[in-house]
Visitor: 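I have a structure I would like to understand better, so I am pasting it below and will then ask my questions one at a time.
As a basis for the values below, the full set of heavy atoms in this structure was taken, side chains included, without hydrogen atoms, waters or symmetry mates. As the structure is a computational prediction, the values presented were derived from the model and not from experiment.
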Amino acid sequence: MPAALDRRRLLQRSAALAGLGALGLSGCTTFGQTPARAAPLQLAPVRASLDRLFDVTVCLRPFRAAGPRLDTEQVGNKLVVHNYGHGGSGWSLSWGSGTIAVRKAMSVGPRSIAVIGCGALGITSAILAQNAGADVTIYARDLLPDTRSARATGSWTPDSRIALESAVAPDFPALWEEMARISFHTYRRYLGLPGSPVEWTDRYYLYDTPPDDPSVHPPPDPLGFASYQHRIRDITPRSQLLPPGSTSFPTPYVRQTSLMMFNIADYGHTLLADFRAAGGRIVRAEFNTLADVARLKEKVVINCTGYGARALCKDESIVPVRGQIGWLIPQPEVNYGLYYDGVLVLSRRDGIVVQDVHGGDMMGYNDANETVDRAESENAVKTIAELYTRPRTA
C-alpha cells in the first residue's frame with residue numbers, strides 16, 4: 001500500500017472518516033506505527049456536559065462548483081475584483097486568494113482601494129492592499145466579530161469544499177496550490193504572538209474498527225468534491241497510526257497528526273488592529289446590488305462578500321453549506337482536537353468546538369437555514385461525554 005493516500009481514497013475506504021476534511025486529516029495519511037511508548041500518553045479529558053454548552057452558532061459556507069470567483073468586471077467607472085466563494089477554506093486560503101485579488105487591483109495603479117466585506121477574505125485583502133501601497137477603506141455592514149467568518153471552525157483546511165473536480169478549469173489545481181502555499185507561509189508570521197492567534201495543535205482520530213477497513217461503506221459524495229492536499233504534502237504533517245494502548249483514549253485505533261488552528265477571536269482582533277494601525281478605515285455600509293459601488297469614491301473595489309455575493313451579484317452558482325458549532329466552556333489544559341463517531345472537537349482559546357460532521361462533505365450542502373438546532377449540538381456533546389466514560393482498551 002502506498003505510504004500516503006489522498007482524501008478521496010480515504011473516503012472510499014471508511015465511513016468513519018466522514019468529516020475529516022473539516023478536521024484536516026485529508027491527504028496526509030501514512031500507514032505504519034510509531035515506536036511504542038513506555039506509558040500511555042495522558043491527555044486532559046474534555047468536560048463534555050450539557051451545562052457547559054454555553055453557545056450554539058451557525059454559519060453558511062459559500063461553495064462554488066468551479067471554485068472561488070477571482071475575476072474582474074467593470075461596473076460603471078469602477079474596476080471590481082471579485083474574491084469570494086471559498087467554501088470551507090476561507091480562512092485557510094485568505095492570504096493567498098487576497099494576494100491574487102490585490103495583484104489584479106493594483107494592476108491599474110490606484111492610490112486608494114475599497115474593500116467590500118469585513119470577513120476573513122475582506123480583512124486580509126485590505127491588509128495586503130495596504131502592504132502594496134494603497135490607501136484602503138473597508139465598507140461593510142458587519143465588523144469581523146459579527147460576520148459568518150467569525151463562526152468558522154478555525155482549522156487549516158485549504159481544500160475543504162473548495163470545488164468539484166468535474167467543474168474546475170484546467171489551471172485551477174495550480175492556482176489552488178499557489179493560494180495554499182502563500183497562505184501557509186503567511187500564517188507563520190502569527191505563530192508565537194501574544195494571545196496565540198495562530199498555533200499548532202495535535203489532532204486525534206479515534207476508531208473502534210481499523211480506519212482502513214474496506215468493509216465499511218464510505219459517506220456519500222455524489223458530487224465529487226475536489227481534493228488537492230497531495231500538492232502540498234511537503235508542508236503538511238503526515239498522520240500516524242499509534243500503537244494500541246499508547247494513549248488514554250478508550251478506542252483500539254488512534255491516528256494522530258498536527259494542524260494549524262486559528263483562534264479566531266484573538267486572530268480577528270489582531271487583524272483589525274493591524275489594519276487600523278496602518279491607517280485603514282472601516283465605514284458601515286450596506287450594498288443591495290453591485291451597482292451600488294457607484295457611490296464609492298474609490299475607482300477600484302475588491303468584492304469580499306462571501307455568501308452575501310449570492311444576492312449582491314445575483315450569483316446563483318453559490319451554494320450554501322450549513323455548519324453548526326456547539327461551544328463548550330474553554331479548558332486551557334485541553335490543547336488538542338479529536339474526531340470520534342462522527343463528531344469533531346477542537347479546543348480553542350475562546351471555547352471548545354463540538355461539531356456534528358456525520359455525512360462528510362455533503363452534510364449541510366444546499367441548506368441555507370441559519371436557525372440554531374440545539375438538539376444537534378446536545379447530541380454531539382453526549383457522544384463526546386460517552387467517549388470519556390468508556391473503559392480504556394488495553
Visitor: For F184 and W95, I'd like to know if the aromatic rings sit close, meaning centre-to-centre distance below 6.0 Å.
Guide: no
Visitor: Dump the intermediate steps for salt bridge (Lys or Arg N to Asp or Glu O under 4.0 Å) on R390 and D208, then the final yes or no.
Guide: CA-CA 12 Å; R390 285 179 52 175; D208 285 311; 2.8 Å; yes
Visitor: Determine whether L70 and V75 fall in the same hydrophobic cluster, where Ile, Leu, Val, Met, Phe, Trp and Tyr are linked whenever their side-chain heavy atoms lie under 4.5 Å apart.
Guide: no
Visitor: Do I182 and V102 share a hydrophobic cluster, counting only Ile, Leu, Val, Met, Phe, Trp and Tyr and linking them when any side-chain heavy atoms are less than 4.5 Å apart?
Guide: no
Visitor: Roughly how far apart are R103 CZ and L128 CG, rounded to 0.5 Å?
Guide: 10.5 Å
Visitor: With a 4.0 Å cut-off, would you call R181 and E177 a salt bridge?
Guide: yes
Visitor: For atom CZ of R281, is the number of surrounding heavy atoms from other residues, nucleotides or ligands below 6.0 Å larger than 12?
Guide: yes
Visitor: Could you tell me which non-hydrogen atom of Q331 sits nearest to which non-hydrogen atom of I352, and how far apart they are?
Guide: OE1-CD1, 3.6 Å
Visitor: Is S183 reaching over with its side chain to a backbone N or O of L93, donor-acceptor style, under 3.5 angstrom?
Guide: yes
Visitor: Search all heavy atoms of A150 against all heavy atoms of P145 and return the closest pair with its distance.
Guide: CB-O, 3.5 Å
Visitor: Can you check side-chain contact (heavy atoms from CB on, under 4.5 Å) on V354 and W327, steps first, answer last?
Guide: CA-CA 6 Å; V354 180; W327 295 90; over 6 Å; no
Visitor: Does the ring center of F262 lie less than 6.0 Å from the ring center of Y187?
Guide: yes
Visitor: Where do V56 and R374 come nearest, in terms of heavy atoms and distance?
Guide: CG2-NH1, 3.9 Å
Visitor: Give a yes or no answer on whether the side chain of D266 reaches the backbone of N263 with a donor-acceptor pair at less than 3.5 Å.
Guide: no
Visitor: Could you check M179 against S97 for side-chain contact (heavy atoms from CB on, under 4.5 Å), going step by step and ending with a plain yes or no?
Guide: CA-CA 5 Å; M179 293 189 291; S97 186; 3.7 Å; yes
Visitor: Between the side chains of Y228 and E165, is a donor N or O closer than 3.5 angstrom to an acceptor N or O?
Guide: no
Visitor: Regarding R203 and T257, is there a side-chain donor-to-acceptor distance under 3.5 Å anywhere?
Guide: no
Visitor: Report whether V283 and L296 are members of the same hydrophobic cluster (ILVMFWY, side-chain heavy atoms less than 4.5 Å apart, transitive linking).
Guide: yes
Visitor: With a 3.5 Å distance limit and no angle check, can you tell me whether K299 reaches the backbone of N77 through a side-chain donor-acceptor pair?
Guide: no
Visitor: Taking atom types as modelled, find out whether Q256 and Y336 have a side-chain donor-acceptor pair closer than 3.5 angstrom.
Guide: no
Visitor: Would you say F275 and Q130 make side-chain contact, with heavy atoms under 4.5 Å?
Guide: yes
Visitor: Given side chains that start at C-beta, do those of V80 and Q74 come closer than 4.5 Å, heavy atoms only?
Guide: no
Visitor: Nearest heavy-atom pair of G306 and P62: which atoms, and what distance?
Guide: C-CB, 3.9 Å
Visitor: Would you say CZ of R295 has more than 12 non-hydrogen atoms from neighbouring residues, nucleotides or ligands within 6.0 angstrom?
Guide: yes
Visitor: Does the side-chain contact (heavy atoms from CB on, under 4.5 Å) test come out yes or no for S246 and V254, once each step is laid out?
Guide: CA-CA 9 Å; S246 61; V254 178; over 6 Å; no
Visitor: Hey, does D341 have a side-chain heavy atom less than 4.5 Å from the side chain of L387?
Guide: no
Visitor: Looking at OG1 of T72 and CG of N83, how far apart are the two atoms once the value is rounded to the nearest 0.5 Å?
Guide: 12.5 Å
Visitor: Check whether the side chains of Q324 and R322 place a donor and an acceptor atom closer than 3.5 Å, and report yes or no.
Guide: yes
Visitor: For the residue pair R349 / S196, report whether a side-chain donor-acceptor contact shorter than 3.5 Å exists.
Guide: yes
Visitor: Quick test of your reading of the model: are R151 and E370 salt-bridged, counting only N-O distances below 4.0 Å?
Guide: yes
Visitor: For the side chain of S160 and the backbone of S89, is there at least one donor-acceptor N/O pair under 3.5 Å apart?
Guide: no
Visitor: If I compare all heavy atoms of I264 with all of A152, which pair ends up nearest, and what's the gap?
Guide: CD1-O, 3.7 Å
Visitor: Please determine which of D356, V343, V345 meets the side chain to side chain contact (heavy atoms under 4.5 Å, CB included) test together with T383.
Guide: V343
Visitor: In the structure I gave you, are the side-chain heavy atoms of R141 and R284 within less than 4.5 Å of one another anywhere?
Guide: no
Visitor: When you check the gap from the basic side-chain N to the acidic O, do E178 and R231 get nearer than 4.0 Å?
Guide: no
Visitor: If you take the centroid of each ring, where Trp contributes its six-membered ring, are Y204 and F249 closer together than 6.0 Å?
Guide: yes
Visitor: Distance from I138 atom CD1 to L272 atom CG, nearest 0.5 Å?
Guide: 7.0 Å
Visitor: Can you check whether V300 reaches V108 side chain to side chain, under 4.5 Å on heavy atoms?
Guide: yes
Visitor: Show, in sequence, the C-alpha distance, side-chain angles and deciding distance for D142 and T147, and conclude whether the side-chain hydrogen bond (donor to acceptor under 3.5 Å, both in side chains) test is met.
Guide: CA-CA 6 Å; D142 300 315; T147 64; over 6 Å; no
Visitor: So, taking the atom named OG in S125 and the one named CD1 in I116, what distance separates them when rounded to the nearest 0.5 Å?
Guide: 12.0 Å
Visitor: Just by distance, do the side chain of R310 and the backbone of I318 share a donor-acceptor pair under 3.5 Å?
Guide: yes
Visitor: Minimum heavy-atom separation for T124 and A120, please, with both atom names.
Guide: OG1-O, 2.7 Å
Visitor: Under a 4.5 Å side-chain heavy-atom rule over Ile, Leu, Val, Met, Phe, Trp and Tyr, are Y190 and M260 clustered together?
Guide: yes
Visitor: Would you check if Y307 and C59 make a side-chain contact, meaning some heavy-atom pair closer than 4.5 Å?
Guide: no
Visitor: Could you tell me whether D315 and R64 have a side-chain N and a carboxylate O separated by less than 4.0 Å?
Guide: yes
Visitor: Under the 3.5 angstrom rule, does the side chain of T389 hit a backbone N or O of E386 as a donor-acceptor pair?
Guide: yes
Visitor: Is there a path of hydrophobic side-chain contacts, each under 4.5 Å between heavy atoms of I/L/V/M/F/W/Y residues, joining V334 to L338?
Guide: yes
Visitor: List the steps and the verdict of side-chain contact (heavy atoms from CB on, under 4.5 Å) for Y339 and Y207.
Guide: CA-CA 9 Å; Y339 168 87; Y207 310 100; 4.3 Å; yes
Visitor: Could you tell me the separation between the CD1 atom of I384 and the OG atom of S49, rounded to the nearest 0.5 Å?
Guide: 13.0 Å
Visitor: Look at the side chain of S248 and the backbone N and O of Q42, then say whether any donor-acceptor pair between them is shorter than 3.5 Å.
Guide: no
Visitor: When rounded to the nearest 0.5 angstrom, what is the spacing between CG in D202 and CE in M261?
Guide: 11.0 Å
Visitor: Give a yes or no answer on whether the side chain of S92 reaches the backbone of T157 with a donor-acceptor pair at less than 3.5 Å.
Guide: yes
Visitor: Could you go through T153 and Q355, starting from their C-alpha distance and side-chain angles, then the distance that decides it, and tell me whether this counts as side-chain hydrogen bond (donor to acceptor under 3.5 Å, both in side chains)?
Guide: CA-CA 9 Å; T153 303; Q355 188 172 16; 3.0 Å; yes
Visitor: Any ring-ring contact (aromatic ring centres under 6.0 Å, His included) pairs touching residues 58-91, not counting sequence neighbours?
Guide: F63-F225, F63-Y365, H82-Y84, W91-Y267
Visitor: Under a 4.5 Å cut-off applied to non-hydrogen side-chain atoms, are L43 and L41 in contact?
Guide: yes
Visitor: Check whether any side-chain heavy atom of P68 lies under 4.5 Å from a side-chain heavy atom of I162, and answer yes or no.
Guide: yes
